[in-house]
Amino acid sequence: MTQTFDFIVVGAGMVGAAIANGLAARGHHIALIDQGTAPQFSAQDDPDIRVSALSAGSERYLRELGAWGDILAMAATPYRRLAVWEAPEHPVAQLLPARPPRTTFSASDLKTPHLGHIVENRVTQKALWDLASRQPTVTLYSGAGIQSQADTGDQITATLENGQTVTGRLLIGADGAGSRVRQLAGIGVSRDQYQQQALVASVRYQGTPADITWQAFHSSGPRAFLPLHSAGQAHAGESWASLVWYDDPAVLRELKALSEQDFMARVRAGFPEELPDLTAVAARASFPIARQHAHHYFQGRVVLVGDAAHTINPLAGQGVNLGFQDARCLQLLLDDARRQGLDPAEPQLLAQYEAQRRPANRRMMLTMDAFYHLFSNHRTPLWALRNLGLGLAQGLPFARNQVARYAMGIDESLPVPVQALLRRLPSRWREAG
Ligand SMILES: Cc1cc2nc3c(=O)[nH]c(=O)nc-3n(C[C@H](O)[C@H](O)[C@H](O)COP(=O)(O)OP(=O)(O)OC[C@H]3O[C@@H](n4cnc5c(N)ncnc54)[C@H](O)[C@@H]3O)c2cc1C
């Protein structure tokens, strides 16, 4: 028998589960569908290999939804400082006596208790699934993906791989970068595969949980340290961290194939001296990275959010933060539409969503691309330019703090001079879809 809902949300990842909860809290009836099964968490387990730096803006949204308390109760590591610098590998840098300039953002400069939290994806997802299971207006369908969708004019029906069918007024596609919903709706994408991939490693190190996250730019790609929680009594005095090594796929294949001891030795040699003393590597995985943008955010009774609509270079950890902004924006518009008695698939309404989110997502894509192209090469004028930029950023606390407020999701737009700079980028970088 087909059940009828207000909204069908396909994909209960972090973004889909968030919007489902947001809509359910306002009394809408939701079918929340995921091909996977309920996420698990145990404090004794090694951390999830997938972690995200959640901005203050995302924290605010998750708090509004009522999931933040559960996230904190499981595991979330606040960071109060964020540092970026260029590894001194350029031949000119080797001749200079001084250390290359660094830009450090600190919570105390921004008058805020922290800059963000590093949270395992399974923790955020579990808190949102648990919340959804407590909402009387959410029905969770897990363990079977969507197979087809049929738009019948005034409603849309989704058929799952196990034959179940559900009907609603609008289907929200939150099923990630390879979105089946997007394909079934016939929405194309612009896609650019970066030459670099990302190798992520869950490691243990000697010491208490760090309050800093940092990233050193090498011409082959950045190397980053993201602090996680204490490793507990089983490994007293140690803490977990997530390391990210961006490089050519061939180099990452070689790194993945090394024994744990050899891998640690390569990491010690390849990472900056700021890396704490590693004691173990629990897991390693590599991810292809691509910039992808859907040609449209909606089609008929289908609308896209999160990675289904856009993916960006993860070097500044903004993907899910943008996805949460999509979710919040769409949720508010849909709620407003109901108050006005409008059809939630009204094209003008969904166009309003796209008009608000596409430029913001595109701006972030451009910013990440500018960083990628600026740092991923060895040419001396660009080396001088980026070091000048990092030096200036450190020397101009006002501008630096404005950019940090944007990255943290406190401000929704970049400072005007940065926007003007982005408009001057070559068109190849501007045409992000
Ligand atoms: C190396 C790396 C590091 C990153 N670091 C950060 C970071 O620090 N900060 C940050 O903000 N972002 C980061 N990101 C990006 C972030 O992980 C993504 O933006 C985020 O996971 C997107 O969430 P989502 O819910 O839109 O999609 P997903 O997380 O992909 O979730 C999609 C959900 O849909 C389900 N699904 C898929 N297909 C179907 C189907 N056919 N039927 C039903 N269900 C389906 C899946 O099971 C899944 O639960 C990083 C990404 C990478 C690769």
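Numbering of ligands and ligand atoms starts at 1, following listing order. In this text, all values refer to a predicted model and were calculated from it rather than measured experimentally. Residue indices begin at 1 and follow the sequence shown.
Inter-residue side-chain proximity for I156 and V302 is flagged as met; some heavy-atom pair is nearer than 4.5 Å.
Considering backbone and side-chain atoms alike, A53 places an N or O below 3.5 Å from some N or O of ligand 1. Any N or O atom pair closer than 3.5 Å counts here, and V15 shares at least one such pair with ligand 1. Polar contact with ligand 1: absent for G16 (N/O pair, distance under 3.5 Å). For the pair I289 and ligand 1, the shortest N or O to N or O distance does not fall below 3.5 Å.
Heavy-atom contacts of G13 reach the following atoms of ligand 1: 25 (O), 31 (O), 33 (C), 49 (O) (cutoff under 4.0 Å). Residue contact check: V200 has heavy atoms under 4.0 Å from atoms 1 (C) of ligand 1. Residue contact check: G306 has heavy atoms under 4.0 Å from atoms 26 (O) of ligand 1. Within the listing of ligand 1, atoms 5 (N) sit less than 4.0 angstrom from a heavy atom of V51. Close approach of ligand 1 to N321 (heavy-atom distance below 4.0 Å) involves ligand atoms 11 (O). For ligand 1, the atoms closer than 4.0 angstrom to any heavy atom of V10 are 42 (N), 43 (C). Those atoms of ligand 1 that come under 4.0 Å of a heavy atom in F287, given as number and element, are 1 (C), 53 (C). Near G176, meaning under 4.0 Å from any of its heavy atoms, are these atoms of ligand 1: 27 (O), 30 (O), 32 (C).
S142 places no side-chain N or O within 3.5 Å of a backbone atom of A38 that could act as its donor or acceptor partner. Remark: the backbone N or O of Q292 is paired with a side-chain donor or acceptor of T311 at under 3.5 angstrom. The backbone N or O of S220 sits less than 3.5 Å from a side-chain atom of Q196, completing a donor-acceptor pair. D6 contributes a side-chain N or O that, together with a main-chain N or O of H29, makes up a donor-acceptor pair within less than 3.5 Å.
Electrostatic pairing of D130 and K126 counts as a salt bridge here, judged by a charged N lying under 4.0 Å from a carboxylate O. Using a cutoff of 4.0 Å between basic side-chain nitrogens and carboxylate oxygens, D335 and R26 are scored as salt-bridged.
For the pair E161 and ligand 1, no heavy-atom separation below 4.0 Å is found.
By the 30° and 60° cut-offs, the orientation of the rings of W240 relative to H235 is perpendicular.
Inside a 4.0 Å radius of atom 19 (O) of ligand 1 there is at least one protein heavy atom.
Residue-level proximity to ligand 1 for A174 is carried by the backbone, the only part with a heavy atom below 4.0 angstrom. Contacts of P314 with ligand 1, taken as heavy-atom pairs under 4.0 Å, involve the side chain alone. In Q125, the part holding a heavy atom less than 4.0 Å from any atom of ligand 1 is the side chain.
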Can I get a per-line list of side-chain donor-acceptor pairs under 3.5 Å for residues 62-80, giving both atom names and the distance, sequence neighbours left out?
residue, atom, partner, partner atom, Å
R63, NH2, E59, OE2, 2.6
E64, OE1, R328, NE, 3.0
E64, OE2, R328, NE, 3.4
E64, OE2, R328, NH2, 3.3
T77, OG1, H229, N, 3.2
R80, NE, P113, O, 3.3

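Side-chain contact annotation: Q215 with R223, donor-acceptor N/O pair under 3.5 Å absent.
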